[in-house]
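Protein chains get the first letters and strands the later ones, always in sequence-line order, with residue 1 at the start of each.
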Amino acid sequence: MKYNFNEIEAKWQKYWAENQTFKAENNSDKPKYYVLDMFPYPSGAGLHVGHPLGYIASDIYARYKRHQGFNVLHPQGYDSFGLPAEQYAIQTGQHPAITTKDNIATYRRQLDQIGFSFDWSREVRTSDPNYYKWTQWIFIQLFNSWYNNDSDKAEDIGELEKLFAIEGNANVNAVCDDDIKLFTAEEWNKLSTEEQQKILLQYRLTYLAETEVNWCPALGTVLANDEIVNGVSERGGHPVVRKKMTQWSMRISAYAERLLQGLEKIDWTDSLKESQRNWIGKSVGASVTFNVNKHIAKIEVFTTRPDTIFGVSFMTLAPEHDLVAQITTPEQQAEVEAYVEATAKRSERDRMADVKTITGVFTGAYAEHPFTKAPIPIWIGDYVLAGYGTGVVMSVPCGDERDYAFAKHFDLPIPNIFEGIDISEKAFSEKEKTIIANSDFLNGLNYKKATKRAIYELEQIGQGQGKTNYRLRDAVFSRQRYWGEPFPVYYVNGLPQMIATEYLPIELPEVEKYLPTETGEPPLGNATKWAWDIETNKVVDNEKINHTTVFPLELNTMPGWAGSSWYFNRYMDANNPDAIASKEALNYWQDVDLYIGGSEHATGHLLYSRFWQKFLFDKGVVPTDEYAKKLINQGMILGTSAFVYREEGTNTYLSLGLIKDKNVQPIHVKVKYVNASDELDIDGLKADEEFGEDYKDVEFILENGVYKVGRDVEKMSKSKYNVVNPDDIVADYGADSLRLYEMFLGPLEQYKPWNTAGISGVHSFLKKLWKLYVDENGLKVSDVTPTKDSLKTLHKTIKKVQDDIENFSFNTSVSTFMIAVNELTQQKCQSKAILEPLLVLISPYAPHIAEELWSLLGHNTSIATANFPEFNENHLVESSKNYPISFNGKMRFTMELPLDMSKDEIEKTVLANEKTQEQLGGRTPKKVIVVPGKIVNIVG
RNA sequence: GCUGAAGUGGUGGAAUUGGUAGACACGUUGGACUUAAAAUCCAAUGGCCAUUAUGGCCGUGCGGGUUCAAGUCCCGCCUUCAGUACCA
């Protein structure tokens with residue numbers, strides 16, 4: 001019998017699907033285990049060999065946990081809202097829903113043939129109305145909540161209204177907009193409903209606000225900070241500008257501290273936690289109020305160094321700051337306006353790139369030092385960012401490099417407030433070594449004490465207090481796109497109203513064009529039927545809008561991260577029509593035990609989803625406030641691109657060895673036309689149906705009779721022609737080979753290049769494995785008693801593989817399998833007692849061949865339900881061991897010694913040995929070091 | 001600049017956490033089988049020197065150190081990758 005992998009794999013994939021082998025039940029006597037993958041965006045290009053890496057790892061782990069007797073939840077779905085389907089729609093007119101459906105079908109086919117143990121009965125798609133109904137529902141819950149700092153959780157907005165009616169807002173300790181006005185209960189009760197709504201909007205966890213956003217004209221939409229890379233859009237690399245727009249925002253800042261604290265109790269990688277910490281950017285300091293122009297205005301600043309308050313010699317405002325216009329003196333007005341205009345013209349990117357140039361201008365205004373009452377000149381400088389803190393710095397040139405540079409440049413005074421420090425050359429910013437001087441009541445104090453004292457004194461005069469500042473900004477939640485979740489929102493007099501949850505979902509309307517409207521409204525503005533009738537509670541024709549019973553609906557849609565921020569909860573009870581998941585299901589599954597996905601989501605998805613989980617926890621919807629106990633970032637599989645070299649301005653292409661000193665242009669070619677020795681298949685290339693024409697008249701200059709291509713390791717992408725399709729690998733070598741090889745390539749977390757040539761190693765391992773059980777006459781396995789050697793091989797394999805899986809070192813267990821099969825082949829092992837458990841060990845990695853051999857062994861149930869073999873140490877125990885004997889650390893020879901020998905006996909035996917005596921040459925050793933089971937070292 | 005990760009043969013990578021560095025695999029070379037090729041099997045494969053038994057020296061980015069013993073620990077550098085950046 002031959003190892004016919006294609007037949008075997010198709011057979012078992014069908015078996016698993018028909019028998020629902022991997023369907024998880026929402027209750028069980030077994031302990032639960034939840035293994036989650038980051039669900040994919042179904043792109044039109046399909047999967048390449050890099051995509052399944054994490055899925056294979058999680059699948060191995062899920063299968064292993066099943067063997068160990070866990071009730072395993074291992075679901076999969078699709079993050080199916082997104083830009084590419086929409087852009088395809090703009091180009092071709094095809095509805096994104098159709099594109100998405102087709103792409104999902106391709107993904108599913110590709111995933112199925114790799115043999116994953118997913119429970120497909122729980123599949124989710126974020127673009128499915130039955131799913132986004134609950135995304136809309138969560139949005140409404142956020143709208144109906146505010147953050148109470150006293151209880152440190154989200155609470156019902158109705159409670160806040162009651163409070164306002166009883167005692168006004170003076171005692172309310174909420175996370176809210178900065179510019180809240182104080183009011184009494186009496187004042188509140190006198191307000192109209194509309195006015196009250198406007199105020200409540202400043203408290204809600206999702207709110208409508210005029211915000212400065214990252215506008216990408218090319219994409220016609222706003223982008224979140226994490227969707228911008230190096231000042232251009234992550235997708236497409238288009239320029240991004242700042243623009244003010246009315247947008248929905250998420251008050252994630254309310255959760256900044258809890259998002260930070262929560263990192264302590266989850267087992268995620270240090271680098272990922274560190275990224276999130278940096279992104280949240282907590283800094284502790286003080287807020288200080290400076291009076292300006294004899295109390296005409298007040299400027300609030302945030303500083304981490306209140307201890308340096310006496311070193312302030314000027315203040316700097318961001319050019320965009322609201323106060324600039326107000327405080328500028330008439331003499332300075334022209335200069336200031338010119339400067340503000342000039343900075344506004346510079347793009348964010350230019351400003352970032354050009355850090356060295358110091359620019360700024362004096363406003364003519366002076367602030368008053370809170371203690372010395374000395375006048376402090378107020379400047380504007382573009383090194384101060386409007387978006388951080390209050391957009392103002394109290395400049396302490398002696399203690400801050402940037403302030404120092406600014407002061408030097410404009411010849412401003414640099415008072416020294418540090419004891420024994422020379423600041424004539426550069427600023428001194430080492431907190432720990434600081435002793436304050438020339439600072440009145442702070443003199444002689446160190447950083448810690450001076451900070452405390454300064455804050456105390458500021459509080460005494462009512463001009464400041466201790467403050468913690470976070471870099472984390474509220475997240476803009478509106479996108480001017482079609483292919484996203486519609487908001488369950490309509491507008492009455494410009495004020496947003498939620499649609500009652502019983503009428504959800506609000507489904508996407510049909511539109512003729514997927515572009516913004518001529519008046520610049522988002523694509524939903526093209527819909528003819530997109531208004532809300534409060535009498536029938538239905539979506540109706542726009543024409544019927546009368547602002548008494550029929551109102552316009554929100555035209556924006558939600559961003560990509562909306563649907564992915566809670567999907568892990570949906571899998572627990574994916575088809576529930578009445579809740580995101582039933583209480584029973586949520587309480588049973590609790591949270592994700594193992595989450596595997598890419599690190600590129602560190603400050604996007606992985607932060608937003610933690611935020612939503614904490615919110616849902618506050619509202620009692622979910623039972624845990626961190627949803628993933630452990631997270632592993634799989635590395636990326638890179639492609640090995642191939643290049644041909646065209647001589648500039650000609651139609652001749654030079655082989656790699658000939659390009660020296662020539663002016664050549666490297667051009668990507670499809671990797672499938674290059675063999676393992678980097679030789680180009682010229683005929684194949686010229687016959688390529690896509691690009692063959694381009695190479696028809698090309699002259700290839702060979703070296704030694706062949707054309708050698710250049711190589712480079714790059715990210716796999718269609719445009720680099722270095723994509724390797726798993727379909728081809730599966731057809732040529734089988735899914736089990738693909739799975740083993742992806743694991744064998746190297747550590748899971750690491751970035752590593754794909755090289756198809758290497759797959760022959762794992763493929764021949766599978767053939768050897770097959771031969772161990774089966775020959776031309778059929779099954780070789782029998783009930784013979786296993787030999788000691790075979791038992792040893794089996795048990796050391798059990799131990800190693802178990803350790804490997806638990807440490808996620810899947811690469812080394814593949815080697816372990818190879819060694820085991822080689823040893824057993826040499827031992828001519830035919831014993832069922834050895835070969836049966838071996839199959840269970842291999843089955844998480846290579847499930848198809850394991851199932852086939854398992855059934856040949858006479859089982860009529862899936863190997864997936866078999867128990868993981870028990871490790872028995874007794875089989876590893878050897879009576880003796882070959883000890884390396886070294887002299888002064890250098891290995892000289894080996895000696896066979898019994899393992900149960902005591903240290904003293906070993907020492908005696910070794911010293912008595914004639915080889916030892918020979919080495920010693922009559923000398924007496926100083927010391928003999930015996931490490932039982934490992935080594936004997938003689939010093940002397 | 002800061003933060004995090006990492007530097008081991010021609011290549012991907014092992015090394016039980018201080019105990020025989022280079023497991024396993026690719027590639028390469030030689031051989032067997034074959035008319036031939038594929039497939040399969042066997043052998044060699046870190047470098048240098050020596051030798052026809054045996055051996056010796058060097059070797060885990062660089063320079064020091066601790067130790068009987070260092071890829072692993074300590075100190076000082078260098079390089080690469082990733083994230084982040086006028087964050088007050």
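The glycosidic torsion of B/G9 lies within 90° of 0, which places this base in the syn conformation. Using a 90° window around 0 for the glycosidic torsion, B/U34 falls outside it and is classed as anti.
Closest to the side chain of A/Arg471, from the set B/A25, B/C86, B/A85, is B/A85. Closest to the A/Val393 side chain, of the nucleotides B/A88, B/A39, B/A23, is B/A88. Set against B/G27, B/U40, B/A23, the side chain of A/Ser760 has B/G27 as its closest nucleotide. The side chain of A/Tyr383 lies closest to B/C86, out of B/G4, B/C86, B/A23. Counting only heavy atoms from C-beta on, A/Lys934 has its side chain closest to B/G19 among B/C86, B/A23, B/G19. Distances were taken from every side-chain heavy atom of A/Ser283 (C-beta onward) to each of B/A88, B/G4, B/A25; the shortest belongs to B/A88. Closest approach to the A/Asn811 side chain among B/A25, B/U84, B/A14 is made by B/A14 (side chain taken as heavy atoms from C-beta onward).
Taking atom P in both B/C26 and B/A36, the straight-line distance is 25 Å, to the nearest Å. Taking atom P in both B/U84 and B/G46, the straight-line distance is 43 Å, to the nearest Å. Comparing B/G56 with B/U40, their C1' atoms are spaced 39 Å from each other, to the whole Å. Of the C1' atoms belonging to B/A53 and B/C58, the separation is 24 Å, rounded to the nearest Å. Taking the C1' atoms as reference points, B/G64 lies 26 Å from B/G9, given to the whole Å. Nucleotides B/G30 and B/A21 place their C1' atoms 27 Å apart, quoted to the nearest Å. Remark: the separation of the C1' atoms in B/U60 and B/G7 is 9 Å, to the nearest Å.
Checked for salt-bridge contact, A/Lys800 and A/Asp804 meet the test: a charged N lies under 4.0 Å from a carboxylate O. Ion pairing between A/Lys796 and A/Glu823 holds under the 4.0 Å rule for side-chain N and carboxylate O.
Atom-to-atom, CZ of A/Phe765 to C1' of B/A25 comes out at 12 Å; the value is rounded to the nearest Å. Nucleotide B/A88 holds its P atom 14 Å from the NZ atom of A/Lys282, rounded to whole Å. If you measure from atom CG of A/Asn888 to atom P of B/U67, you get 14 Å, rounded to the nearest angstrom.
Counting non-hydrogen atoms of neighbouring residues, nucleotides and ligands closer than 6.0 angstrom, the CD atom of A/Glu914 reaches no more than 12 such neighbours. Enclosure of atom NZ in A/Lys720 by more than 12 non-hydrogen atoms of other residues, nucleotides or ligands within 6.0 angstrom is indicated.
In this structure, the side chain of A/Gln276 engages the main chain of A/Ala602 through a donor-acceptor pair within 3.5 Å.
With a cut-off of 3.5 Å on both pairing distances, the Watson-Crick or G-U wobble partner of B/U79 is B/A6. As the counterpart of B/G12, B/C24 is assigned, both hydrogen-bonding distances of the Watson-Crick or G-U wobble pattern falling under 3.5 Å.
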Go through the steps for A/Glu257 and A/Lys282 under the test salt bridge (Lys or Arg N to Asp or Glu O under 4.0 Å), then give the verdict.
CA-CA 8 Å; A/Glu257 186 60 32; A/Lys282 178 179 183 174; 3.0 Å; yes
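Among the heavy atoms of the strands lying under 4.0 Å from A/Ile929 is at least one base atom, whether or not backbone atoms are also near.
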